[in-house]
Amino acid sequence: MRIVAEAFVSGFGGILDGAEGLVAALATACGHGKYEKRGKDNGKEGCSHSCAKIRPKPRLQKCNLNGAVIFAALISTHMHQELSEQEQVRREALQEIINLGIDPFPAAEYTVTHTAEGIRDTFDEGAEMKDVSLAGRVMSKRIMGKASFAELQDSTGRIQLYFNRDEVCPGEDKTLYNEVFKKHLDRGDFIGVRGFVFKTQVGETSVHVLEFTFLGKSLRPLPVVKTDADGVVHDAVHDAEMRYRQRYVDLVVNPGVKEVFVKRTKLFNSFREFFNSKGYLEVETPILQPIPGGAAARPFITHHNALDIPLYMRIANELYLKRLIVGGFDGVYEFSKNFRNEGMDRTHNPEFTAMEIYVAYKDYEWMMRFTEQLLEKACIDLNGSTKVMYGDVELDFKAPYPRVTMFEAIQTHTGIDISAMEEDGLRQVCKDLGIEIDPTMGKGKLIDEIFGAKCEKNYVQPTFITDYPVEMSPLCKKHRSKPGLVERFELFATGKEIANAYSELNDPIDQRQRFEHQLALADRGDDEAMMIDQDFLRALEYGMPPTSGLGIGMDRLAMLLTDKHTIQDILFFPQMKPEKKETKKVELSGNEKLIFDILSKSSPMDLNDLKIRSGLSGKQWDISMKALGKLGLTKVTKTEEGLTVEVAG
RNA sequence: GAUCUGGUAGCUCAGCUGGUAGAGCAUAACACUUUUAAUGUUAGGGUCCUGGGUUCGAGCCCCAGCCAGGUCACCA
């Protein structure tokens, strides 16, 4: 219940009682019981009561009472959303600003000449800065009588502002300082300021404000996060729900969050520069695909109405990029938003970004050299060094990286040489190593399981794992010299895969057989086996040059390079379950409404009758009746026959 | 999907054999012309996630649900 109770009488001074009665009732209803006589107010007499529980102001109602006109604010418990005390205060401040003739949301451009960071840098170099203007959010205010300090946060950081009453208000009228600045300017509001730069006694570079302009009012209080003199952050918003659902708040308030995303973009730019400098072409390929190909994953399905066909959100863009190589490009790449309808955890978001690049006339050996150069450059571009801390390990992305074949890796970490084994032998090895398997798994999958369980985690520093079994890699060219294997590598770091590359399979007959083998896997129950993309095969039949392709999970790489251990920390808006709909507290609860509806049809009525007709349990009845009473909607009277309930007022 | 942990003021968090709640910051008021996680004094602010149950009485105990996080499983 948030209402201002206010009533006043015009016309007859003596009839204050009517107004007073209304307000007194309201004051009682909200539990305070106190109200204030106002005396003359605009020629009217009145009285008012306000408390945090009964604001903002409800609609005024007008009625006649013995010839006097009473305007009364009446209880209306369900007319608006609940606002916290601070939100109400801000809305009131907004109104006050408007009343003073200031537009809290002006349309005009505000000319900004400097940024917070720019001012600090230039001024520290000794430059005079007589006239600067900048804009941003007010993040704190420290008022000391006629002088005040505030902090302004723009896109580059924070800078202190100094306000002096007599300089902001050179004339007699000090409203701008005393009212607008001191009272109605809230944390989070956007303002523009003009002034000159100076250093305070404590040595803080500050802007001495001569003029400030409202640029946008903030109606919701931001969480207060403070950083002390030692750089220790206090009361940071930790709640993941708030941080990810309301990323804007996280960005405004938590130090260092922006930097992560800036680095993420730098990573993409660094890749682009590298690829473009080699003359490779950035392209775009379909996200809505009739056949989801290029990876083993469950897709999202959607439907195109006009064509009346199912379409899939892409799980990879590989097959399309290869079509472009068929078409005659030497090198094509794409940052590909992919969608996979699978579980979510610290390293999986349903939509994620991969970078894939395909270069003609190259093989996977070349691609390894290319990849390590790419990552070395990116690492330097982001952090100024090839070294980066991830948790408590230091990763070094300086090229070259060790090359280890998959069989060597398994031999090293299990002591078992599986290079000559068939499916049955591998099955036995898995059992011996305590690895869970199921009958749908083929040879390649079994090897992959062993690697995943026993080897992967050991490759903390960047390492290429090469030469995978053919069964796991239906789009990859058979190894030039090792039967049963393909020319594939994956790059591991911190025990996780961050890149995957092939000498691409360009033999259309082999490719068709591989797809058919996938179909066989699907029949065995592997629901992620690839579908056959006939058009892709047709493209290959026209001829594709030898090509090497590389895919990098950009999100996971960004995590590595920013020392973030959750994918949600490097996605602006990670996927979340929908917020539950705001419960309509404004309305009466179901039970309260039930009782009130029965009662309003025949008020007053016997309390026991009402209870029986409501059909509520003792406890529910009790809770609902208390609530109704508290809202001032019902009134219980004791008579000789028993208890009677009536609609109050 | 299994399992564990959490959900209390705008924010960060306390709370106790079960007796309807506390702190800091934020907010409001006053003081103060260079402070800085400003300070001092005072005040207001809470359906203790939701719904059931046990109880004379539940923020606390029990059950179910919702949301978030961790671990495992599945999955790149």
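Just so we're on the same page: letters track the sequence lines, and every chain starts at 1. Values in this document were obtained by computation on a predicted structure and should not be read as measured data.
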Worksheet item: Which part of the nucleic acid, if any, lies within reach of A/Thr227 when heavy atoms closer than 4.0 Å are counted: base, sugar-phosphate only, or nothing?
Response: sugar-phosphate

Discussion item. Considering every strand and a 4.0 Å limit on heavy-atom distances, what is the contact class for A/Ile143: base, sugar-phosphate, or nothing?
Written reply: base

Worksheet item: Over how many whole Å does the gap from A/Phe163 atom CZ to B/C32 atom P extend?
Response: 20 Å

Worksheet item: Quick one: on RNA chain B, does A/Pro221 or A/Ser140 contact a more 5' nucleotide (nearest heavy atom)?
Response: A/Pro221

Worksheet entry | Qualifying residues under salt bridge (Lys or Arg N to Asp or Glu O under 4.0 Å), relative to A/Arg187, sequence neighbours excluded | none

Worksheet item: Under the 6.0 Å and 45° cation-pi test, does A/Lys141 pair with A/Phe181?
Response: yes

Practice prompt. Please state how far atom CD1 in A/Ile465 lies from atom P in B/A76, giving the value in whole angstrom units.
Written response: 19 Å

Discussion item. Can you identify which nucleotide, out of B/C67, B/G10, B/U12, has its nearest atom closest to the A/Ser84 side chain?
Written reply: B/G10

Worksheet entry | Rounded interatomic separation in angstrom, taking CZ from A/Arg314 and C1' from B/A76 | 17 Å

Discussion item. Run A/Phe492 and A/Phe451 through ring pair (Phe, Tyr, Trp, His ring centres under 6.0 Å) and show every step you take.
Written reply: CA-CA 12 Å; A/Phe492 283 84; A/Phe451 182 79; 5.4 Å; yes

What nitrogen or oxygen pairs link the protein and nucleotides 22-25 of chain B at under 3.5 Å?
unit_1, atom_1, unit_2, atom_2, d
B/C25, O3', A/Lys226, NZ, 3.0

Worksheet item: Considering only the P atoms, how many Å lie between B/A29 and B/G45, rounded to the nearest integer?
Response: 16 Å

Response to the item:
Ranking B/A37, B/U34, B/U27 by distance to the side chain of A/His234, first place goes to B/A37

Discussion item. Students often get this wrong, so: under 4.0 angstrom with heavy atoms, is A/Arg346 touching a base, only sugar-phosphate, or nothing?
Written reply: sugar-phosphate

Discussion item. I want to check a possible cation-pi pair here: A/Arg488 against A/Tyr502, using under 6.0 Å from ring centre and within 45° of the ring axis as the test.
Written reply: no

Discussion item. I want to know whether A/Phe198 and A/Tyr162 have ring centres closer than 6.0 Å.
Written reply: yes

Worksheet entry | Sidechain N-carboxylate O distance under 4.0 Å for A/Lys130, A/Glu128 | yes

Discussion item. Mind checking if A/Asp230 touches a base, just sugar-phosphate, or nothing, with heavy atoms under 4.0 Å?
Written reply: nothing

Fill in: Between A/Tyr390 and A/His565, ring centroids under 6.0 Å
yes

Item to complete: Would you classify A/Gln568 as touching base, sugar-phosphate or nothing, given that sugar-phosphate means primed atoms plus P, OP1 and OP2, and contacts are heavy atoms under 4.0 Å?
Response: sugar-phosphate

Worksheet entry | Residues that A/Cys430 engages under side chain to side chain contact (heavy atoms under 4.5 Å, CB included), provided they are two or more places apart | A/Ile435, A/Ile437, A/Leu446, A/Ile450

Worksheet item: On RNA chain B, nearest-nucleotide positions of A/Lys183 versus A/Phe198: which is more 5'?
Response: A/Lys183

Worksheet item: When you compare B/A64 with B/A28, how far apart are their C1' atoms, in angstrom units rounded to a whole number?
Response: 42 Å

Worksheet item: In whole Å, what separates the P atom of B/G46 from that of B/U33?
Response: 35 Å

Practice prompt. Find the distance A/His208:NE2 to B/U33:P and express it as a whole number of Å.
Written response: 15 Å

Worksheet item: What integer distance in Å separates A/Met554:CE from B/A76:P?
Response: 21 Å

Item to complete: Respond yes when some side-chain nitrogen or oxygen of A/Arg298 is under 4.0 Å from OP1 or OP2 of B/A76, and no when none is.
Response: no

Worksheet item: Using purine N1 to pyrimidine N3 plus N6-O4 or O6-N4 for Watson-Crick, or N1-O2 and O6-N3 for G-U wobble, each under 3.5 Å, what pairs with B/A23?
Response: B/U12

Worksheet item: Applying a 3.5 Å limit to both distances, which nucleotide forms a Watson-Crick or G-U wobble pair with B/U5?
Response: B/A68

Worksheet item: When the aromatic ring centroids of A/Phe163 and A/Phe212 are compared, is their separation below 6.0 Å?
Response: yes

Practice prompt. Give a yes/no answer on whether the side chain of A/Gln201 brings an N or O atom under 4.0 Å of OP1 or OP2 in B/U35.
Written response: yes

Practice prompt. Just compare B/C11, B/A28, B/U36 and give me whichever is closest to any side-chain atom of A/Glu204.
Written response: B/U36

Discussion item. Counting the atoms with a prime plus P, OP1 and OP2 as sugar-phosphate, which does A/Arg165 contact under 4.0 Å by heavy atoms, base, sugar-phosphate, or nothing?
Written reply: nothing

Worksheet item: Counting any heavy atom closer than 4.0 Å, what does A/Glu151 reach on the DNA or RNA strands: base, sugar-phosphate only, or nothing?
Response: nothing

Item to complete: Output the single nucleotide from B/U33, B/C11, B/U35 whose closest atom is nearest the side chain of A/Gln160.
Response: B/U35

Discussion item. Output the rounded distance in Å from CZ (A/Arg220) to C1' (B/G10).
Written reply: 10 Å

Discussion item. Could you tell me the Watson-Crick or G-U partner of B/U54, where both distances fall under 3.5 Å? Say none if there is no partner.
Written reply: none

Worksheet item: Can you check the A/Phe149 CZ to B/A38 P distance for me, whole Å?
Response: 12 Å

Fill in: Integer-rounded Å distance: B/G45 P and A/Glu85 CD
7 Å

Worksheet item: Considering only B/A76, B/A37, B/U35, which nucleotide approaches the side chain of A/Arg142 most closely?
Response: B/U35

Worksheet item: In the strands shown, is B/C30 matched to any nucleotide by a Watson-Crick or G-U wobble pair with both distances under 3.5 Å, and which?
Response: B/G40

